[in-house]
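First up is the structure itself, then whatever we jot down about it.
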Amino acid sequence: MTGIPHDESPRPLSARQLQQAAGTFGMLAATNRLQIMWLLSQGESDVGTIADKVGGTVATVSQHLAKLKKAGMVSARREGRRQVYVIDDPHIAILVDQVVAHHRELDERGTGLGALASGRKGA
């Protein structure tokens, strides 16, 4: 039991649903894309601003955003000469926020993957 309330009783996942869920996690597995999605979970932004915040080039960030857009995770609209991106699905924003919060808590407790890698106690 996870302690997370569910609206309905658990149903088995179909192979298609499992594949799609794995694809979502695969898209978020790239640290650059995860950082972009975390920034977008805080609010919409244009490519140049995202590139500045992640320390990447506009070209590289644009490539990541194109992949996220193709995956249906973000959408874009034009505002003059700027392309503004937003997370398309609130579930994705919640997922990203929850994963980041989880790892921040682990860091505060000195546990988690970082502790394992450094050999800290409590890992």
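Everything quoted here is computed from the prediction, not taken from an experiment.
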To the nearest 0.5 angstrom, please state how far the [atom1] atom of [X] sits from the [atom2] atom of [Y].
X     : Y     : atom1 : atom2 : answer
Ser62 : Ile50 : OG    : CD1   : 8.5 Å
Ser41 : Ile94 : OG    : CD1   : 10.5 Å
Ser75 : Tyr85 : OG    : OH    : 9.5 Å

- Message: Would you say Leu95 ends up clustered with Leu106 if hydrophobic residues are merged whenever their side chains have heavy atoms under 4.5 Å apart, either directly or through other cluster members?
- Response: no
- Query: Taking a hydrophobic cluster as the set of Ile, Leu, Val, Met, Phe, Trp and Tyr residues connected by side-chain heavy atoms closer than 4.5 Å, whether directly or through intermediates, do Val100 and Leu68 fall within one such cluster?
  - Reply: yes
- Task: Output every pair passing salt bridge (charged side-chain N to carboxylate O under 4.0 Å, His left out) with a member in residues 38-52, not counting sequence neighbours, ordered by first then second residue.
- Result: Glu44-Arg77, Asp46-Arg82
- Task: Provide the full list of salt bridge (charged side-chain N to carboxylate O under 4.0 Å, His left out) pairs with a residue in residues 55-65, sequence neighbours left out, each pair given once.
- Result: none
Show me the side-chain donor-acceptor pairs of residues 18-39 shorter than 3.5 Å, one per line, residues at least two apart or across chains.
| from | atom 1 | to | atom 2 | distance (Å) |
| --- | --- | --- | --- | --- |
| Thr24 | OG1 | Gln20 | O | 3.3 |
| Arg33 | NE | Met27 | O | 3.0 |
| Arg33 | NH1 | His64 | ND1 | 3.4 |

- Task: Go through the steps for Asp88 and Val74 under the test side-chain contact (heavy atoms from CB on, under 4.5 Å), then give the verdict.
- Result: CA-CA 5 Å; Asp88 247 0; Val74 300; 5.7 Å; no
- Query: Are any of the side-chain heavy atoms of Val58 and Val47 separated by less than 4.5 Å?
  - Reply: yes
- Message: If you define the side chain from C-beta out and look only at heavy atoms, does anything of Leu40 sit under 4.5 Å from Val86?
- Response: no
[X]: partners by side-chain hydrogen bond (donor to acceptor under 3.5 Å, both in side chains), with sequence neighbours left out:
X     : answer
Thr57 : Thr60
His91 : Asp89
Gln17 : Ser14

- Item | Flag if over 12 foreign heavy atoms under 6.0 Å of CZ, Arg16 | no
